[in-house]
Each structure stands twice: as structure tokens, then as C-alpha cells.
There are 2 protein chains.
Amino acid sequence: MLMKYPDVSQQTGTDAGLAAVLRMAVGRLARRLRAQRPDSSLSLGQGAVLFALARHGTMTPGALAEYEKVQPPSMTRIVSALEERGLVRRMKHPDDRRQQLVELTDEGALLVQSDQQRREAWLTQRLAELTREEKATLRTAAEILNRLSRS
Amino acid sequence: MLMKYPDVSQQTGTDAGLAAVLRMAVGRLARRLRAQRPDSSLSLGQGAVLFALARHGTMTPGALAEYEKVQPPSMTRIVSALEERGLVRRMKHPDDRRQQLVELTDEGALLVQSDQQRREAWLTQRLAELTREEKATLRTAAEILNRLSRS
DNA sequence: TATTGTTATACTCTATAACTATA
DNA sequence: TATAGTTATAGAGTATAACAATA
């Protein structure tokens, strides 16, 4: 193989090199996941919001936007799309009428539970081919990546 | 905290649960990285292509599309954008005139080298706050993620 | 006929700026 | 005045379908 430039694996010893490799890996997998997503299912952002609501209960649109690292208008669109599909419900905040509370409907909760396996089918299949150690690495890595995203 | 539904961390014991968590983590970090990218710099896809060319030398557009998991028309756009900026050069394939070979220009190679740290600055900063063990985990995880994307 | 790559077109997702309602 | 959320608009990135050139 022609190697005009130093092998990048040597660059992962530095934070900057690791950042480069990680950025590529994350970008490539995100594109791959998007391609695998069935038409009938949810977008990456919609799925993440349902997931967050399942974890945290009701949240305001603003809190969801901050949590998912998108701007408020983007969250408006995501929540509106979910509401049109009957998966979430917007309620008035009891104390502050500027705010809203977003909550899963029964249908939304069901989708989170029952659709999760189906939506992750491709990735689940790939994961099944990994060793226990590799899966443990990814489990730990996922937590670290979430921490990075939130900082 | 209101917990209407089981904590997802309990679900990571299964491949499907890990797939769900990993998909969220990757999607969120990809959005975050996109937001951090400076205007003057390259898109995620453009950067990945320059990176691949630096690693593998010349590649055909088709090979690049397959490697980066995008459709050929998308790769045409990416390569055209890079060529307009003088970062890559398209050459005729010596044996098959239907094909082309894409190669880094000197300017492109320089950008890969010198711009890498700058483009990953935000992520590098975040990585610096991690322990050695956590960084080692991410290094290993990046390799696994790349393998997943290619399978 | 099959393959490589491009052009044409449309869709999805996101952001910034301006606006409304409430505090 | 400041804050929460929405609407309007634009930009980036991707895909599918149709096409051109070559094998």
C-alpha cells in the first residue's frame, strides 16, 4: 500500500490525534446508522428525544434542546413532529405559563420499548459479532462519549 | 427523579440495549462536533476524505464512496468541493478511462497535517480532561467503531 | 450489457434572525 | 427588560433517478 504520509494509528498517542480518529469514527458510524434507519421509523434526533423522555420523565423543550445539543428552533421541530405522530404530548407548565412540559404518550412509551430493538437491528447484529471485551469497551466508551457531549 | 420507565443503563447488558445507547451517544457527539466546526474549515465528510487519502494514497471516487459509506453522487460533491479548494486533484486512471484517481495536492496534504489539531481543538480540549484509562478506552473504541462501519 | 462517475432534483436536518407571549 | 418558545428563512449534506462515457 502506498503510504505517502505517516500512519494515523501512530498519531492516536496524542490527544489531537485521538480527537481526529474519534471524529472520523463517530462521523462515519453516524452516517452509516442514518442509512440503516428504516423509513417508517424515527430520525436520530427524534429517537434521542423519546429516549431522553423515557429516562427523565417530563422535560421542557429548552431542557431537551440543551440536553441534545441542538438550538431551540430545532427542538421545536423535533417535538412538533413527535406530537403530530402522537408520540408525545405538550402540557402547560403549572408555575410558568411561558414554559411547556413534554411528556411521552402511551403510544410513545410503547414505541420506545418495542421499537428499540427493531430500530437498532443493524447495529445489534454487528455487536453480536464482537467479543465480550469489545462490547464492554463500547459500553464504557458510550458513557464517556455522552460525558464529552455534555461538557 | 421521576422514573416512569426502567433506567436504560440496565438495558446495556443486552446487545440491543447497547446498540440503543451507542446510537444515541454517537448521534449526539456527531451533532456536537458539527456545531463546533469552524466556518473556515471542512465538513465532516470532506475532512474524512482528506484523512482517507492521507492514509491510503490515491483512491477512486467509487472506493472513497464505499469506504465512507455514502452514495457515489455524494462523493462526487465532496470531491468536487475539495478540488475547487485546490486540496485534491482528479487524474485519469491509467488502465480504465471510466475511472479516476483522486490524490491530495501539496496544499491538501499540508492542510491534513497542520489543520488537524485546529479542527479537533474542541474535542482535544475535552479529551485532555479524561484519564489515561478513559482515553485508552476511546482509542480502542474508535477502532471497533470503524470496524462496525465497514462491516 | 455492465460499470464508473456525473447531473438534476428533492428531502432531511440544522442554524440564525425576527416575532409572540409571559415573567 | 429578560426569558421560553415559535415562525420564517436559508444552508449544508444526503439520497434516488436519469444520463454520459467507457469497458
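Only a predicted model underlies this, so the values are computations on that prediction, with no experimental measurement involved. Proteins come first, then strands; the chains are lettered A, B, ... in the order of their sequence lines, and each starts at number 1.
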Picking from D/dT3, D/dG13, D/dT7, which would you name as closest to the side chain of A/Thr76?
D/dT7
Below 4.0 angstrom, N of the basic side chain to O of the carboxylate: do B/Arg89 and B/Glu83 qualify?
no
So, is A/Ser74 close to the C/dC13 phosphate, meaning a side-chain N or O under 4.0 Å from OP1 or OP2?
no
By nearest atom, which of the nucleotides D/dA15, D/dG13, C/dT14 is closest to the A/Ile78 side chain?
C/dT14
Axial cation check for B/Phe51 ring with A/Arg23, 6.0 Å and 45° limits:
no
Starting from the first five and the last five pairs of the helix from C/dT1-D/dA23 to C/dA23-D/dT1, work out the angle between the resulting helix axes, to 10 degrees.
10°
Do A/Arg147 and B/Glu134 sit within salt-bridge range, that is, some charged N less than 4.0 Å from a carboxylate O?
yes
Answer with base, sugar-phosphate or nothing: what part of the nucleic acid does B/Arg31 contact at a heavy-atom distance below 4.0 Å?
sugar-phosphate
Taking the six-membered ring of A/Tyr67, is NZ or CZ of B/Arg28 closer than 6.0 Å to its centre and within 45° of its axis?
yes
Base, sugar-phosphate, or nothing: which does A/Pro73 touch, judged by heavy atoms less than 4.0 Å apart?
base
Side chains of A/Leu123 and A/Leu33 in contact at under 4.5 Å (non-hydrogen atoms):
yes
Output yes when a side-chain donor or acceptor of A/Ser74 lies under 3.5 Å from a complementary backbone atom of A/Val70, and no otherwise.
no
CG of B/Leu64 versus P of C/dT4: gap in Å, rounded?
14 Å
Between D/dT14, D/dG5, C/dC13, spot the one nearest the side chain of A/Gln99, thanks.
D/dG5
Look at all strands and tell whether A/Ser80 reaches a base, only sugar-phosphate, or nothing, counting heavy atoms closer than 4.0 Å.
nothing
Taking 4.0 Å as the cut-off, does a side-chain nitrogen or oxygen of B/Gln100 come that near to OP1 or OP2 on C/dT6?
yes
Electrostatic pair A/Glu129:A/Arg126 at N-O distance under 4.0 angstrom:
yes
Should A/Arg97 be listed as having a side-chain N or O under 4.0 Å from OP1 or OP2 of C/dA23?
yes
N or O in side chain of B/Arg90 less than 4.0 angstrom from C/dT6 OP1/OP2
yes
D/dT3 P sits how many Å from A/Glu66 CD, rounded?
14 Å
Ignoring hydrogens and angles, does a donor from either the side chain of B/Arg98 or the base of C/dT3 sit under 3.5 Å from an acceptor on the other?
yes
Rounded to the nearest angstrom, tell me the gap between atom CG in A/Asp96 and atom C1' in D/dT3.
8 Å
Take B/Met75 and A/Gly45, find for each the nucleotide of DNA chain C with the closest heavy atom, and name the residue whose nucleotide sits nearer the 5' end.
B/Met75
Please tell me if B/Ser43 has a side-chain N or O lying less than 4.0 Å from either OP1 or OP2 of D/dA12.
no
